[in-house]
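What you see below is based on every heavy atom in this structure, not just the backbone, and it leaves out hydrogens, waters and symmetry mates. Letters go in sequence order (proteins before strands), and every chain restarts at 1.
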Amino acid sequence: MPEGPQMVFLKEQLEPFIGQVVLKATGSAKNIPYASMQNQVLTSIKTFGKELLFCFPDFTIRIHLMLFGKYAINEELNRVLRLGLAFEGGSINFYACDCRFISEPLNQVYDWSTDVLHPSFDPDKALAKLYRKPKKLICEALLDQDILAGVGNGIKNDVLFRMQIHPESLVGEIPEAALQKLVQACVKLSTEYLDWKREGTAGNHWQAYKQPTCPRDYIPFRKQKIGPSGRTSYFCDKCQQLYLPDTI
DNA sequence: GGTTATGTTATTTC
DNA sequence: AGAAATAACATAAC
């Protein structure tokens, strides 16, 4: 259930709990100080990329939904509870997710300017980090959370389609202007995606991801696992340009 | 039973 | 040493 925009949306759903005191923390997640969380005030909730951060006065609990994570607000799901937080005004339950305890100050742990949806996101820094990996496939580089935190496989596919760049292009071969636009597109699509979540707009907004046909050329998208990570890409050979080294 | 999937991380390999 | 590939983990649906 991840991708940055969904996590920001989840954070917004949970904001009513801010200021409330934990009545009880339960679950099967390891390294969580269940007992000492009791009576702690939830100071704030933040996100970093696909991570959700519950901030308490002296520590933070980090939730990552990974691939299969589920959550329920004011209800319970019929599966193994990983972390449940009971407040006066309701409860939050997480399942099949990664939970961690963070004792360091968050500014020491996170570089917020890496997060595509954070106000301090720094596109120039992202561009520089991308060019530091010139031999990587662009479809792999876009998923690097140290470069573009919050971008997932859906955003990756649609951004490449929108900017008409072939997923197998090498980062170092993409002209700077095009790569710059690609970074901008990550921000724009993530923001749009968040707006769709907020508006509760029905239907599908993906142009390429999980789609059968290219809306520009009306030919079937190619669906293929690309690169060492093997994440699936949806792309159109006709309208997405492949940037590779000149072979002479 | 096998495959697939909005993901990360620990371990191994080069 | 450090980058890159591989394995591992988690879970439901088709």
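- Here the side chain of A:Arg79 is nearest to one of B:dT8, B:dT6, C:dT11, namely C:dT11.
- Among B:dT6, B:dT8, C:dT11, the nucleotide with an atom closest to any side-chain atom of A:Ala96 is C:dT11.
- Dashed line: the shortest gap from a side-chain N or O of A:Lys70 to OP1 or OP2 of C:dT11 is not under 4.0 Å.
- Residue A:Tyr234 contributes atom OH, which lies 11 Å from atom P of B:dT4 at whole-angstrom precision.
- Between A:Asp111 and A:Lys125 there is a salt bridge, with a side-chain nitrogen of the basic residue lying less than 4.0 Å from a carboxylate oxygen of the acidic one.
- Contact annotation: A:Tyr209 reaches the phosphate of B:dT6 (side-chain N/O to OP1 or OP2, under 4.0 Å).
- Listed pair A:Arg100 / B:dT8 fails the phosphate criterion, with no side-chain N or O lying under 4.0 Å from OP1 or OP2.
- To the nearest angstrom, P of B:dT8 lies 8 Å from CG of A:Leu143.
- We find that A:Glu3 and A:Lys50 are not joined by a salt bridge, their nearest charged nitrogen and carboxylate oxygen being 4.0 Å or further apart.
- Within the nucleic acid shown, A:Lys210 comes within 4.0 Å of at least one base atom, counting heavy atoms only.
- Rounded to a whole Å, the CE atom of A:Met66 is 17 Å from the P atom of B:dA5.
- As judged by a 4.0 angstrom heavy-atom cut-off over every strand, A:Lys223 is placed among residues touching the sugar-phosphate backbone only.
- The interatomic distance linking A:Leu81 (CG) with C:dA10 (C1') rounds to 15 Å, in whole Å.
- Using bins of under 30°, 30° to 60° and over 60° for the plane-to-plane angle, the ring pair A:Phe87/A:Phe17 lands in the tilted bin.
- A donor-acceptor pair shorter than 3.5 Å can be found between the side chains of A:Asn107 and A:Trp112.
- In this structure, NZ of A:Lys135 is placed 16 Å from C1' of C:dA5, rounded to the nearest angstrom.
- Across C:dA10, C:dA4, B:dT8, the shortest atom-to-atom separation from the side chain of A:Lys136 is found for C:dA4.
- In summary, the side chains of A:Glu176 and A:Tyr131 do not present any donor paired with an acceptor at a separation below 3.5 Å, with no hydrogens or angles considered.
- One atom, CD of A:Gln224, and another, C1' of B:dA5, lie 17 Å apart when rounded to the nearest Å.
- Checked against C:dA5, B:dT6, B:dA5, the side chain of A:Asn153 finds its nearest nucleotide in B:dT6.
- Rounded to whole Å, the separation between the P atoms of B:dT9 and C:dA12 comes to 22 Å.
- Across all strands shown, A:Lys225 has heavy atoms under 4.0 Å from sugar-phosphate atoms exclusively, and none from any base.
- Proximity of A:Gln145 to the phosphate of B:dT8: a side-chain N or O atom is located under 4.0 Å from OP1 or OP2.
- Ring geometry, A:Phe94 versus A:Tyr71: the interplanar angle falls from 30° to 60°, so the pair is classed tilted.
- As a whole-Å value, the separation of A:Asp98 CG from C:dC9 C1' is 10 Å.
- C:dA10 is unpaired under the criterion used here, namely a Watson-Crick or G-U wobble arrangement in which both key atom distances are under 3.5 Å.
- At C:dC9, none of the side-chain N or O atoms of A:Arg82 fall inside 4.0 Å of OP1 or OP2 (strictly under the cut-off).
- Across all strands shown, B:dT6 forms no Watson-Crick or G-U wobble pair with both key distances under 3.5 Å.
- For the pair A:Phe48 CZ and B:dT8 C1', the computed distance is 14 Å after rounding to whole Å.
- Applying the 4.0 Å criterion to OP1 and OP2 of B:dT8, one finds that A:Ser229 has every side-chain N and O outside that range.
- With P as the reference atom, B:dT8 and C:dA13 are 22 Å apart, rounded to whole Å.
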